[in-house]
Amino acid sequence: IKSRFFDGKDIVQNLKVLESLDIGVNIDYCSIYTPDRPSMIITGGITGKAMKLTELQAQFLFNISQSVGRVFGTTDDASYEDIEEDAARVNQILSVRNRMKSISSMKQEDPNLAADIAPERKPDIPLDHIEIDVDFKIPLLSLTLYNRTKGNLTLEGAALSKFSLNELLIKLQVRKDGNFKSDLHLKSFVVEDVRAIKENKFREIMPEVSPDNYQIMASISSEGDLVKKTFIDVAVDSPRLILALDHMFSLKEFVDFVF
């Protein structure tokens, strides 16, 4: 993803937002019930270089999102969910009618086949059977913000802050009864002050706590039949945050420009 901005001084700014970002997803689906494996296994991950975002690019992306929302916004009373439910009912009715017509014609041709065309009985699937199993890994995902880039041809000296997610692991299991369990493990979330000229002596605003343990772990699960209860458990290992006012004011300047 690239951006190209023109200003009144005939200066053309060509910058990259995303470069060589690879998103891979593998879906393994089994239509036959197997007790020892989930019906659908999804594995995937994201790999690639760091993302870069200037205040001009962020403002442009925000304006696009607002425009798209206005274009595709609807005031009709019927929602998309109602339309999907109506379509599913119609397909079900047509399927039953076609099957009844097929059975009726076969009976007329050969009455002895009536006993052989009974609907096949599907195996009883226990409610605790895992329907969907998701395993998603992100080794490293970072975003660098740049400020005051208007009229600049390069990003040299304009870096503001860098946010990094290291070793993010997301797991999700959905059972037959609709209940789910999800785990999130994050090795570290690092925030760095990467300004070229700064009074702050601490480069890492939120440093990595331990290279061996996960810094953030979260678990979300649900239980129940008609009335489902959701349980959330979050653990943060020895969080450290260095408040630097000059860096916070620079971030505020970036946000104010975008919004």
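Note that these values count all heavy atoms, side chains included, but never hydrogens, waters or copies made by symmetry.
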Shared hydrophobic cluster, [X] / [Y] (ILVMFWY, side-chain heavy atoms < 4.5 Å):
{"X": "Leu143", "Y": "Leu160", "result": "yes"}
{"X": "Phe254", "Y": "Phe257", "result": "no"}
{"X": "Val191", "Y": "Val255", "result": "yes"}
{"X": "Val236", "Y": "Phe231", "result": "no"}
{"X": "Phe180", "Y": "Val234", "result": "yes"}

Heavy atoms, side chains only, cut-off 4.5 Å: are [X] and [Y] in contact?
{"X": "Glu192", "Y": "Met206", "answer": "no"}
{"X": "Leu21", "Y": "Thr47", "answer": "no"}
{"X": "Ile42", "Y": "Asp135", "answer": "no"}
{"X": "Thr54", "Y": "Leu155", "answer": "yes"}
{"X": "Glu253", "Y": "Phe249", "answer": "no"}
{"X": "Asn147", "Y": "Arg195", "answer": "no"}
{"X": "Leu141", "Y": "Leu168", "answer": "no"}
{"X": "Arg203", "Y": "Asp193", "answer": "no"}

Which atoms form the tightest heavy-atom contact between [X] and [Y], and what is the distance?
{"X": "Ser222", "Y": "Gly178", "result": "OG-O, 4.5 Å"}
{"X": "Gln13", "Y": "Thr149", "result": "NE2-O, 2.7 Å"}
{"X": "Gly224", "Y": "Asn179", "result": "O-ND2, 3.1 Å"}
{"X": "Val258", "Y": "Glu55", "result": "CG2-O, 4.0 Å"}
{"X": "Leu56", "Y": "Phe5", "result": "O-CZ, 3.8 Å"}
{"X": "Arg37", "Y": "Asp28", "result": "NH2-O, 3.4 Å"}

Phe60, CZ atom: more than 12 neighbouring heavy atoms under 6.0 Å
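Not more than 12 within 6.0 Å, no.
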
With a cut-off of 6.0 Å (strictly less than), are more than 12 heavy atoms of other residues, nucleotides or ligands near CD of Glu156?
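Result for CD/Glu156: open.
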
Reported [atom1]-to-[atom2] distance for the pair [X] and [Y], which is rounded to 0.5 angstrom:
{"X": "Ser39", "Y": "Ile130", "atom1": "OG", "atom2": "CD1", "value": "9.5 Å"}
{"X": "Leu140", "Y": "Leu165", "atom1": "CG", "atom2": "CG", "value": "8.5 Å"}
{"X": "Leu172", "Y": "Ser221", "atom1": "CG", "atom2": "OG", "value": "11.5 Å"}
{"X": "Asp256", "Y": "Leu251", "atom1": "CG", "atom2": "CG", "value": "11.0 Å"}
{"X": "Asp177", "Y": "Leu127", "atom1": "CG", "atom2": "CG", "value": "5.5 Å"}
{"X": "Glu208", "Y": "Ser164", "atom1": "CD", "atom2": "OG", "value": "10.0 Å"}

Could you walk me through whether Ile232 and Ser219 satisfy the side-chain contact (heavy atoms from CB on, under 4.5 Å) test, starting with their C-alpha distance in whole Å, then the side-chain angles of each, then the deciding distance to 0.1 Å, before giving a yes or no?
CA-CA 6 Å; Ile232 301 176; Ser219 176; over 6 Å; no

So, does Thr34 use its side chain to make a donor-acceptor pair with the main chain of Cys30 at under 3.5 Å?
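Not at all, since once roles are kept as given, no pair shorter than 3.5 Å links the two residues.
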
Going by distance alone, is a donor N or O of one side chain under 3.5 Å from an acceptor N or O of the other, for Ser188 and Gln215?
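Result is no, nothing qualifies.
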
Quick test of your reading: applying ring pair (Phe, Tyr, Trp, His ring centres under 6.0 Å), list the pairs with at least one residue in residues 11-44, sequence neighbours left out, ordered by first then second residue.
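Sorted result for residues 11-44: Tyr33-His129.
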
What ring pair (Phe, Tyr, Trp, His ring centres under 6.0 Å) pairs are there with at least one residue in residues 131-177, not counting sequence neighbours?
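Of all non-adjacent pairs touching residues 131-177, none passes ring pair (Phe, Tyr, Trp, His ring centres under 6.0 Å).
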
side-chain contact (heavy atoms from CB on, under 4.5 Å) between Leu241 and Ile205, worked out
CA-CA 6 Å; Leu241 178 63; Ile205 303 300; 4.0 Å; yes

I'd like to know whether Tyr214 forms a side-chain contact (heavy atoms from CB on, under 4.5 Å) with Ile216, so could you lay out the CA-CA distance, the side-chain angles of the two residues, the decisive distance to 0.1 Å, and finally the verdict.
CA-CA 6 Å; Tyr214 286 101; Ile216 301 175; over 6 Å; no

Does anything in residues 221-239 form a salt bridge (charged side-chain N to carboxylate O under 4.0 Å, His left out)? List the pairs, not counting sequence neighbours.
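Listed by first then second residue: Arg175-Glu223.
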
With side-chain contact (heavy atoms from CB on, under 4.5 Å) as the criterion, how do Lys52 and Leu15 come out once you've worked through the C-alpha distance, each side chain's angles and the decisive distance to 0.1 Å?
CA-CA 9 Å; Lys52 301 177 181 179; Leu15 299 175; over 6 Å; no

